[in-house]
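Have a look at the structure below before the remarks.
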Amino acid sequence: AIWRRWFDDNEPESASVPDVMEKINNEREIGNFIRLVLVRALREDRTVIASNNFIDGQLGHKYTEPVTDSIESIWQESSSRVPILFLLSAGADPTSSIDELAKKKKKFP
């Protein structure tokens, strides 16, 4: 019954985890990882949010903030030996911006 309440919660990644909350609080090194693993195992739909919370807690907020650099500023920092890697999420597609920059720089195939 208590696990069902946790499972049905709208935000299980923030809710108190039944039976293991004390362990999560006491284990500073792996407690938050245990929470992340439970969310991933039981509520896969909330994994991205739980992962962001975990990274925020372990590494800091700067690692979960969206990158707002323009394509041109990213291009200026690159070189033939420094690749550009885009990590995309749903709804994010930089293709048109890249094409525009390529046309502007006359490097469009």
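Heads up: numbering here begins at 1 and tracks the sequence.
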Point to revise | Results of side chain to side chain contact (heavy atoms under 4.5 Å, CB included) for Ser14 - residues two or more places apart only | key: Glu11, Asn53
Point to revise | Side-chain cluster (under 4.5 Å, hydrophobic types only) that Ile49 belongs to, other residues | key: none
Practice item. With sequence neighbours left out, write down each residue that passes side chain to side chain donor-acceptor pair (under 3.5 Å) with Ser80, or none if nothing qualifies. Key: none
Exercise for review: Scan residues 77-97 for pairs that pass salt bridge (charged side-chain N to carboxylate O under 4.0 Å, His left out), counting only residues two or more places apart or in two chains.
Suggested key: none
**Study point:** Pairs satisfying salt bridge (charged side-chain N to carboxylate O under 4.0 Å, His left out), at least one member in residues 25-37, at least two apart
**Key:** none
**Study point:** salt bridge (charged side-chain N to carboxylate O under 4.0 Å, His left out) contacts touching residues 39-58 (sequence neighbours left out)
**Key:** Glu13-Arg46, Arg40-Glu44, Arg43-Asp45
Exercise for review: Kindly write out the residues that satisfy salt bridge (charged side-chain N to carboxylate O under 4.0 Å, His left out) with Glu72, not counting sequence neighbours, or none if the list is empty.
Suggested key: Lys104, Lys105
Exercise for review: With rounding to the nearest 0.5 Å, note down the distance linking CZ in Phe86 to OG in Ser97.
Suggested key: 8.5 Å
Check your understanding: Can you name the side chain to side chain donor-acceptor pair (under 3.5 Å) partners of Gln58, sequence neighbours left out?
Key -> none
Point to revise | Salt bridge present between Arg5 and Asp9 (N-O < 4.0 angstrom) | key: no
**Study point:** Separation of Leu36 CG from Phe54 CZ (nearest 0.5 Å)
**Key:** 6.0 Å
Study note, to complete from the structure: Between the CG atom in Leu85 and the OG atom in Ser78, the distance rounded to the nearest 0.5 Å is 12.5 Å
Revision key, fill the gap. Ser79 meets the side chain to side chain donor-acceptor pair (under 3.5 Å) criterion, sequence neighbours left out, with none
Check your understanding: Of all residues at least two apart in sequence or in a different chain, which pass the side chain to side chain donor-acceptor pair (under 3.5 Å) check with Lys23?
Key -> none
Check your understanding: Atom CD1 of Ile98 and atom CD1 of Ile71: how far apart are they, to the nearest 0.5 Å?
Key -> 5.0 Å
Review point. Who else is in Phe7's hydrophobic cluster (ILVMFWY, side-chain heavy atoms under 4.5 Å, direct or via others)?
Key: Ile2, Trp3, Trp6, Val17, Val20, Met21, Ile24, Ile30, Ile34, Leu38, Val39, Leu42
**Study point:** Lys103 vs Asp99, salt bridge (charged side-chain N to carboxylate O under 4.0 Å, His left out): CA-CA, chis, key distance, verdict
**Key:** CA-CA 6 Å; Lys103 286 175 185 173; Asp99 287 346; over 6 Å; no
